[in-house]
Amino acid sequence: MAKLKINYNKEKLQYNSPILKYVMVVVTILMVCLFMPKQPRFRYDYQKGKPWNHENLVSPHDFAILKTQDELDRDRQQILKTVHPIYNVNEVVSKEQLDQFNIDLGEKWQAAQLDTLPSQDIERYRGVGTAILDYVYNRGVISLNSRYQLKGNTSATGSEAEYNFILVEDNVAQQRNTANIYTIESAYAYIERTVDRNRFVQQKKWLSDLLKNYVAVNLVFNEGQTEKAEQTALANISTTRGIVQRDELIVEQGKVINNEILQKLESLRRVYENEAQMGGKQGLVLFGNFLMVLLIMVLVMMFLYFFRLDIYNNNRLLMIIFAVIITMLGVLSWAIKIKIPSLYYIPYCIVPIIFRILFDTRVALNIHLLMVLMAALFVPNSFDFVFLQLVTGIVAIYSIRTMVKREQFLLSSLLILASYIISYTGLVLTRNGTFDSIYWNDVLPFVISVGLTLLAYPLIYAFEKLFGVVSDLTLMELTNSNSKLLRELSIRAPGTFQHSLQVANLAEAAVYRIGGNPLLIRAGALYHDIGKMSNPLYFIENQKTGNNPHEELTPEQSAQIIISHVLKGVEIARKNQLPEVVVDFIRTHHGTTKVDYFYNLSMKNNPDKLVDEELFRYPGPIPFSKESAVLMIADSVEAASRAMKEYTEQSINNLVDKIVDHKLMQKQFMNANITMKEISQVAAIFKSMLKSIHHVRIDYDVLKKKSADD
C-alpha cells in the first residue's frame, strides 16, 4: 500500500512541474494572440442613441457612405422584382402529345363504341382535336411559380397570380406574361369551350375528356439561367449612397448619434480598417495584442494563486482552463472570419457553466469576466457583446449555484434565454425608444446558443475522464444509495451503512451552513467506512447477537483489525475506481488518532509493560480540507452517540464538546482550512440534530426557572 502511495505522488509531482505550468501559459497567450485581429482597431467608441463623447470629428478624406443592411435588402428586393424568370419551349412535349393523340384515337373510338358512326366522323374528330391541341401548344402551357406570383412582379391587369417572364425559343428571347399563356386548368377550360361550340362534334364530353389527357406543360422554368440573371443584377447594386467630403464635420461633441451619423461613422470605420489592413504596422499590432492578452492571463494566474492555490498548483486543472479559453476564443475568431450572421450563435455561456460545475462559483465568475474582456478585443459592437455575455454568464453561474438535480441544467438554460431576451430588448429600447425597431428574428441566435449550451454536460464528462477531475454531477451519481458499492455495503454491513447515512446527514447540514461542498462531503461520508465490509462483525454496529469476536483476540489484534478498515477501504475504493477526492475521506476520517478503547484495555491488562502506541494509531493523514475535518467530527459524534445510555440535552452537549476538544487537543485540524468559529458552528449543528434524532425533550422546569431568574 505504501508503495502505491509513493508511485502516485511521484506521478503527481512530475505532472505538476512548474516548467509545464509556464509552458502552458505561454502557449495559451500565443494561441490567443494568433486568433486576434491583425489590423489596428478604430479608436472611437460609439453607440446609436448615445451622445458623442469625443471631440468634434472631421472627415480626414473623402469617403463614400455605406448603405445600411436594411437599405441593401430593400435594393435587393427591388432589383429582384425587375428580373423576370426565364422559360424555355420544350417542343418535344407538344410533338409527343399530338402523336400520341393520333395513335390512341382509334382505340378510344372503339372502346367508346362509336364505330357505328360513319367512318368519316372519326377523321373529323381527329381534325378538330389536332387543331385544338396545336393551338394550345402554340400559345404555350405553363406551370405558375409561386415565388414570382407573390413577389409583386405582376401584369398590367394587376393580378398577383400573373407575372411577366422571358420566353426563350430558338435562341430568341421575348417578354411574355402568364395572362396570355395557358395553365393546365385554363387549357382544360379552353378545350371544353371550343369543343362545345363546334357544331360538327356530336360526342362533345367524350372528346373534351379525351383531349385533356394530352395536355402537358411545354414552357419549362429554367432555374439556372434565372438565378444567373438575378446574380448579375444583384452584383450591380451600389453599396454606397453619397459621399462625405474631406474636412466635412461628421459629428460634433455631445450630439446624439442618430441613424445618419451612425452610418457615416460605420463607413469611416470600415475605410479606416481596410486602409490599416493594407498599410498598418502589423508587428506593432501584434505586440499590442500580446500585451493585453499577457495582462489578462497574469490576472487569471494571480487570482488562482491568491484564492485557489490548489488549482494553481495542479497542472491538470490549469490545462482544462487554458483549453477552454483557447477553444472558445478560437471558435469566436473563426466565426468572425467566415462572417456568420450573428456571433450570438456561439454558446459562450457554456464557459461559466463548465467552470462552475468543475470548480466553484468564484472561479467561474472571475474567469468568465476575463474571457469576456478578451473576447471584446475580437468583436464589433463590443459593448453589446460584453453586456449580454456578462449578464447571461452571471445568470448561468447563479442558476446552478448548488447542483443537486440534473433538471437544473434545463432551468438554467431557460433563465439564460430569458436574460438574453431581456438584455437585448433593453439595449434596443435605449437606442431607438420604440418597440418597432426590435427584430424578433434576432432572438433566434439566442435560442440556438442556449440549446448548444446543453453540450456542457457531455463536455464535463469528457473533462472528467481526460483530466481526472470530479464534478458535482459525478458526486450526485456517487451519492445514489442504489449504486453498486453502497448496495453491497448495505447488505454485508447494514449497521455500518446506517451509520454512514447518519454521518452523511450530519456532515452535509454542517457544511451547508459554514460553506463548502455539500455533495462532496455527502459522497465522502457514504463511502468513508466501506473498508468494514471485509470484517463487518468486528464492528459493534453490525453485531446482531451478544457474541463479540474481539473477546477471543488480544487488544493489539483487535486494534489492527479496526485500523485495517481504513487501508482496506482505500483498496476497495480504488478497485471500484472511486475518485481520489472521495478516497481522501476514507484515508483521513480517523486522522492519526488512536483506537482508545483497545489502547486503554492493553494498558490495563499490562500495567507493568510499556505499550507501543503506534500499534493502536491510525496511519493518517490528518484532514486537509474543511469537508474532511467536518466528516471526522461527524463520524466520531454519531458513533459515540449510539453508545450513550441516556439522551438528554446536557449529555449530548457534553458528548459533542468532549469529542471536539479531544480532536483539537490531538491537533487533527491543523492542516484543514477550518476556523474555530466554524468548528463551533459545526458543533452547535450536531448538537441540535442529535437532539432531534434521539427525541430529546426540553426540560420546561429549567426554562421556567431561568425565565424567573431573568
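Basis for what follows: all heavy atoms, side chains included, without hydrogens, waters or symmetry-related copies.
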Walk me through it: do K594 and E613 pass the test side-chain contact (heavy atoms from CB on, under 4.5 Å)? CA-CA 8 Å; K594 296 194 301 292; E613 287 190 10; 4.0 Å; yes

Donor-acceptor contact present, side-chain N542 to main-chain Y538, <3.5 Å: no

Does the salt bridge (Lys or Arg N to Asp or Glu O under 4.0 Å) test come out yes or no for K484 and E488, once each step is laid out? CA-CA 6 Å; K484 178 184 175 182; E488 186 178 356; over 6 Å; no

Holding to side chain to side chain contact (heavy atoms under 4.5 Å, CB included), I want the full list of residues that pass it with S688, two or more places apart in sequence or in another chain. none

Flag the pair V363 / F307 as yes when at least one side-chain heavy-atom distance between them is below 4.5 Å, and no otherwise. no

Give a yes or no answer on whether the side chain of T28 reaches the backbone of M24 with a donor-acceptor pair at less than 3.5 Å. yes

Show, in sequence, the C-alpha distance, side-chain angles and deciding distance for K21 and N313, and conclude whether the side chain to side chain donor-acceptor pair (under 3.5 Å) test is met. CA-CA 9 Å; K21 187 194 314 294; N313 291 327; 4.7 Å; no

Would you please test H550 and I562 for side-chain contact (heavy atoms from CB on, under 4.5 Å) and show each step? CA-CA 10 Å; H550 288 287; I562 298 297; 3.9 Å; yes

So OG1 of T496 and CD1 of I540: to nearest 0.5 Å the spacing works out to 11.5 Å

Could you measure the distance from the CD1 atom of I29 to the CG atom of L294? Nearest 0.5 Å is fine. 4.5 Å

Any heavy-atom pair between the side chains of F669 and L664 that's under 4.5 Å? yes

For I353 and I416, the nearest pair of non-hydrogen atoms, with its separation, is CD1-CD1, 4.1 Å

Would you confirm whether D635, through its side chain, and L631, through its main-chain N or O, come within 3.5 Å as a donor-acceptor pair? no

From Y345 atom OH to L452 atom CG, the distance as rounded to the nearest 0.5 Å: 11.0 Å

Check ion pair K575-E571 (N to O, under 4.0 angstrom): no

Could you tell me which residues satisfy ring pair (Phe, Tyr, Trp, His ring centres under 6.0 Å) with F446, sequence neighbours excluded, listed by chain and number? Y344, Y420, Y424

For P445, does its backbone N or O pair with a side-chain atom of S449 as donor and acceptor, under 3.5 Å? no

Closest heavy-atom pair and its distance - I350, T453: CG1-O, 3.9 Å

Closest heavy-atom contact between S471 and I357? CB-CG2, 3.6 Å

Results of side chain to side chain contact (heavy atoms under 4.5 Å, CB included) for M644 - residues two or more places apart only: S641, Y647, S651, I652, L655

N/O donor-acceptor pair under 3.5 Å between E627 side chain and S625 backbone: no

For D310, enumerate each residue passing the salt bridge (Lys or Arg N to Asp or Glu O under 4.0 Å) test, keeping only those at least two apart in sequence or located in another chain. R308

For the student: nearest non-hydrogen atoms of P352 and I397, plus distance: CB-CG1, 3.5 Å

Close side-chain approach of L455 to P347, heavy-atom, < 4.5 Å: no

For L519 and T479, which heavy atoms make the closest approach, and how far apart are they? O-CG2, 4.0 Å

Residues in ring pair (Phe, Tyr, Trp, His ring centres under 6.0 Å) with Y597, at least two apart? none

When you compare the side chains of K626 and N517, does any donor N or O come within less than 3.5 Å of an acceptor on the partner? no

Partners meeting ring pair (Phe, Tyr, Trp, His ring centres under 6.0 Å) with H590 (sequence neighbours left out): H565, Y618

With F497 via ring pair (Phe, Tyr, Trp, His ring centres under 6.0 Å) - residues at least two apart: none

Set out, in order, the CA-CA distance, both residues' side-chain angles and the distance that settles salt bridge (Lys or Arg N to Asp or Glu O under 4.0 Å) for R574 and E580, then state yes or no. CA-CA 8 Å; R574 286 180 174 161; E580 282 297 320; 3.0 Å; yes

Rounded to the nearest 0.5 Å, how far does CZ of F355 lie from OG1 of T361? 13.5 Å

Is the backbone of L578 close enough, under 3.5 Å, to the side chain of N576 for a donor and an acceptor to pair up by distance? no

Any heavy-atom pair between the side chains of Q502 and Q498 that's under 4.5 Å? no

List the residues meeting salt bridge (Lys or Arg N to Asp or Glu O under 4.0 Å) with K687, not counting sequence neighbours, and say none if there are none. D657

Check the pair N482 / L486 against side-chain contact (heavy atoms from CB on, under 4.5 Å), numbers first and verdict last. CA-CA 7 Å; N482 288 319; L486 291 180; over 6 Å; no

Suppose we screen for salt bridge (Lys or Arg N to Asp or Glu O under 4.0 Å). Which residues come up paired with E464, at least two apart in sequence or across chains? none

Between D661 and K658, does at least one N-O distance fall below 4.0 Å, as a salt bridge requires? no

Would you check, one step at a time, whether the test side-chain contact (heavy atoms from CB on, under 4.5 Å) holds for Y527 with F585? CA-CA 8 Å; Y527 291 94; F585 284 98; over 6 Å; no

Compile the donor-acceptor pairs under 3.5 Å between side chains in residues 679-686 and protein atoms, sequence neighbours left out, one pair per line.
residue, atom, partner, partner atom, Å
S680, OG, M676, O, 3.1

Measure the spacing between CD1 of I354 and CD1 of I320 and express it to the nearest 0.5 Å. 9.5 Å

Ignoring hydrogens, what is the shortest heavy-atom contact between Q543 and L537? Give both atom names and the distance. NE2-O, 3.0 Å

Taking R492 for the side chain and M533 for the main chain, is one N or O donor matched with an acceptor at less than 3.5 Å? yes

Should L388 and Y348 count as side-chain neighbours, where that means a heavy-atom distance under 4.5 Å? no

Side-chain (S602) to main-chain (Y599) donor-acceptor, under 3.5 angstrom: no

Just by distance, do the side chain of Q560 and the backbone of L615 share a donor-acceptor pair under 3.5 Å? yes

Would the distance check show the side chain of S636 and the main-chain N or O of I633 forming a donor-acceptor pair, the cut-off being under 3.5 Å? no

Side chains of I514 and V630: closer than 4.5 Å at any heavy-atom pair? yes

Let me confirm one number: the CD-CD1 distance from E556 to I561, rounded to the nearest 0.5 Å. 12.0 Å

Can you check whether D472 reaches I400 side chain to side chain, under 4.5 Å on heavy atoms? no

Can you name the residues that form a side chain to side chain contact (heavy atoms under 4.5 Å, CB included) with K568, not counting sequence neighbours? S534, N535, S564

Please lay out, stage by stage, how H499 and F539 fare under the test ring-ring contact (aromatic ring centres under 6.0 Å, His included). CA-CA 11 Å; H499 160 72; F539 299 91; over 10 Å; no

Partners meeting side chain to side chain contact (heavy atoms under 4.5 Å, CB included) with S413 (sequence neighbours left out): V450, L454

